Structures are given as C-alpha cells and as structure tokens.
*Asks:* 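What follows is a single structure, and I will ask about it in a moment.
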Amino acid sequence: VQLQASGGGLVQAGGSLRLSCAASGRTFSSVGMGWFRQAPGKEREFVAHISRSATNTYYSASVKGRFTISRDDAKNTVYLQMNSLKPEDTAVYYCAAAASISPTPGNYNYWGQGTQVTVSS
C-alpha cells in the first residue's frame, strides 16, 4: 500500500481543514487507517484511527469532538476533517495503514509522506 496525504495548509485558529490520504493498491478496504501528527521537537502522536469497513473509530483526547475520521473505500481514500483548530494542532500530519488499528505508531506498516498543518493564533 502506498499512501499520499494532502490537504494541509495555513489556517487561523477556529478554522477548519480536511486532510485526505489516497491509497494505491487493491487491499485498501482490508486495512485499518490512522492519522498521526508530529510537531517540531516532539514525538509522533496518535490522532485518530478507523477500522476496516469503518465499523470502529477512535480519537485522542486532544482532538475528540473536533476531528472526524472517515473513509471511502470506493475511492481508496481516508479523510480527517478538522474543525475548531487550535495553534497546538500545528504539526505535520501523517496517514498510515495497518492490518489492525492501534494508537501505537509502531503497529503501522505503511506511511504517507506527511502534510503540514499550521494554525495561527
């Protein structure tokens, strides 16, 4: 599985962005997908994940209620809708694929290249 993340940019606090992650390959519907982020000088942290068939989703406490993860298997794409953005959401956002979803980055086998999200105050 090859992943290509897009949709990042510069937005003011309180604004919204939608990230997309397009996957190549025929196995997209059989994998779980996650979003992670990494701010300068910090470790990569879990944001959200979604299971195969979108039956289960899970969010970190810091984004729950503001972010929504979804997937469209017909388009081989996973999305992250980010609302009410805060300056502390500033980071490079990565999508990742795994056989089974987890908040642990090490459980993911495939990673996209990352897309920068900057939230100004």
Side-chain angles (χ1 to χ4, degrees):
V1 179
Q2 292 184 324
L3 304 174
Q4 180 76 31
S6 62
L10 174 64
V11 64
Q12 289 187 333
S16 298
L17 282 174
R18 187 176 81 156
L19 305 183
S20 299
C21 176
S24 63
R26 301 178 180 178
T27 60
F28 179 76
S29 62
S30 66
V31 297
M33 297 296 298
W35 284 98
F36 294 80
R37 66 187 182 186
Q38 188 166 18
K42 295 186 177 181
E43 294 187 353
R44 191 166 299 189
E45 67 169 349
F46 167 76
V47 175
H49 61 53
I50 186 167
S51 64
R52 293 173 289 179
S53 302
T55 50
N56 292 300
T57 58
Y58 187 73
Y59 301 88
S60 69
S62 61
V63 308
K64 190 174 183 179
R66 301 187 297 122
F67 291 11
T68 302
I69 189 171
S70 61
R71 64 188 296 161
D72 185 339
D73 288 350
K75 295 183 178 180
N76 278 14
T77 302
V78 63
Y79 304 97
L80 185 68
Q81 178 66 44
M82 306 186 295
N83 299 328
S84 301
L85 282 161
K86 305 175 182 179
E88 51 264 44
D89 295 318
T90 295
V92 177
Y93 283 70
Y94 299 89
C95 58
S100 58
I101 53 176
S102 163
T104 305
N107 285 355
Y108 287 77
N109 309 104
Y110 305 96
W111 290 84
Q113 85 290 0
T115 184
Q116 176 71 47
V117 172
T118 303
V119 184
S120 63
S121 57

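Bear in mind the structure is a predicted one, so any value in this text is a computation, not a measurement.
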*Asks:* Could you pull out the closest heavy-atom pair between Ser121 and Ala13, with the gap in Å?
*Replies:*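 Scanning both residues, the minimum pair turns out to be CA-CB, 4.4 Å.
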
*Asks:* Nearest 0.5 Å, what's the OG-CG distance between Ser100 and Asn107?
*Replies:*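 Reported value, rounded in 0.5 Å steps: 6.5 Å.
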
*Asks:* Mind listing the closest non-hydrogen atom pair of Ala98 and Asn109 along with its distance?
*Replies:*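 Scanning both residues completely, I find the closest heavy atoms to be CA-OD1, 3.9 Å.
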
*Asks:* Are Val117 and Met82 close enough, and set up right, to give a side-chain contact (heavy atoms from CB on, under 4.5 Å), and what steps lead you there?
*Replies:* CA-CA 10 Å; Val117 172; Met82 306 186 295; 3.8 Å; yes

*Asks:* Find out whether Leu10 and Gln116 are in side-chain contact, i.e. whether some heavy atom of one side chain is under 4.5 Å from a heavy atom of the other.
*Replies:*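 SC-SC contact between Leu10 and Gln116 ruled out.
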
*Asks:* Check whether the side chains of Ser60 and Ser62 place a donor and an acceptor atom closer than 3.5 Å, and report yes or no.
*Replies:*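 Yes, Ser62 and Ser60 have a side-chain donor paired with an acceptor closer than 3.5 Å.
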
*Asks:* What is the distance from atom NE2 of His49 to atom CE of Met33, rounded to the nearest 0.5 Å?
*Replies:*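 Going from NE2 on His49 over to CE on Met33, the span is 12.5 Å.
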
*Asks:* What distance separates Arg52 CZ from Ser30 OG, expressed to the nearest 0.5 Å?
*Replies:*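 That separation rounds to 7.0 Å.
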
*Asks:* Is there a donor-acceptor contact under 3.5 Å from the side chain of Thr104 to the main chain of Gly106?
*Replies:*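 Side chain of Thr104 to backbone of Gly106, a donor-acceptor pair under 3.5 Å: no, none is there.
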
*Asks:* Would Ile50 and Ile101 satisfy side-chain contact (heavy atoms from CB on, under 4.5 Å), going step by step from the backbone distance to the final call?
*Replies:* CA-CA 7 Å; Ile50 186 167; Ile101 53 176; 6.0 Å; no

*Asks:* Please answer: with hydrophobic residues joined when any side-chain heavy atoms are less than 4.5 Å apart, are Tyr110 and Leu80 in the same cluster?
*Replies:*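 Cluster IDs for Tyr110 and Leu80 match.
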
*Asks:* Are Val11 and Tyr93 in one and the same hydrophobic cluster, where Ile, Leu, Val, Met, Phe, Trp and Tyr link if side-chain heavy atoms are under 4.5 Å apart?
*Replies:*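 In one cluster: yes.
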
*Asks:* Determine whether more than 12 heavy atoms belonging to other residues, nucleotides or ligands lie under 6.0 Å from atom CD of Glu88.
*Replies:*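 Yes.
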
*Asks:* For Ala5, does its backbone N or O pair with a side-chain atom of Gln113 as donor and acceptor, under 3.5 Å?
*Replies:*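 Checked: pair present.
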
*Asks:* State, to 0.1 Å, how close Val31 and Ala97 come at their nearest heavy-atom pair, and which atoms those are.
*Replies:*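 Closest approach of Val31 to Ala97: CG2-CB, 4.2 Å.
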
*Asks:* Looking at every heavy atom in both Gly8 and Thr115, which two are closest together, and how far apart are they?
*Replies:*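 It is N-OG1, 3.1 Å.
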
*Asks:* Of the non-hydrogen atoms in Thr55 and Ser51, which two are nearest, and what is the gap between them?
*Replies:*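 For Thr55 versus Ser51, the nearest heavy atoms are OG1-OG, 2.9 Å.
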
*Asks:* Quick one: do Phe67 and Val119 end up in the same hydrophobic cluster if we chain Ile, Leu, Val, Met, Phe, Trp and Tyr together by side-chain heavy atoms under 4.5 Å apart?
*Replies:*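 Linked within one cluster.
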
*Asks:* When hydrophobic residues are tied together by side-chain contacts of less than 4.5 Å, even through go-betweens, does Leu19 share a cluster with Tyr94?
*Replies:*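 Unlinked, Leu19 and Tyr94 end up in two clusters.
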
*Asks:* Would you check if the side chain of Arg71 reaches a backbone N or O of Gly32 as a donor-acceptor pair within less than 3.5 Å?
*Replies:*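 Absent.
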
*Asks:* Ignoring hydrogens, what is the shortest heavy-atom contact between Leu17 and Gly7? Give both atom names and the distance.
*Replies:*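 Where Leu17 meets Gly7 most closely, the heavy atoms are CD2-O, 3.9 Å.
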
*Asks:* Is Val1 reachable from Tyr79 through a run of hydrophobic residues whose side-chain heavy atoms are each under 4.5 Å from the next?
*Replies:*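 No, it is not one cluster - the side chains of Tyr79 and Val1 are not joined through contacts under 4.5 Å.
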
*Asks:* To the nearest 0.5 Å, what is the distance between CZ (Arg37) and CD (Glu43)?
*Replies:*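 Those atoms lie 14.0 Å apart.
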
*Asks:* Filter on ring pair (Phe, Tyr, Trp, His ring centres under 6.0 Å), then keep only pairs touching residues 10-39, sequence neighbours left out; what's left?
*Replies:*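 Of all non-adjacent pairs touching residues 10-39, those that pass ring pair (Phe, Tyr, Trp, His ring centres under 6.0 Å) are Phe36-Phe46, Phe36-Tyr108, Phe36-Trp111.
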
*Asks:* Determine whether more than 12 heavy atoms belonging to other residues, nucleotides or ligands lie under 6.0 Å from atom CZ of Arg44.
*Replies:*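 Yes, enclosed.
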
*Asks:* How long is the span from the CG atom in Asp72 to the OG atom in Ser29, to the nearest 0.5 Å?
*Replies:*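 Spacing of CG (Asp72) from OG (Ser29) equals 11.5 Å.
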
*Asks:* Report the residue from Thr77, Val47, Leu3 that forms a side chain to side chain contact (heavy atoms under 4.5 Å, CB included) with Cys95.
*Replies:*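 That would be Leu3.
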
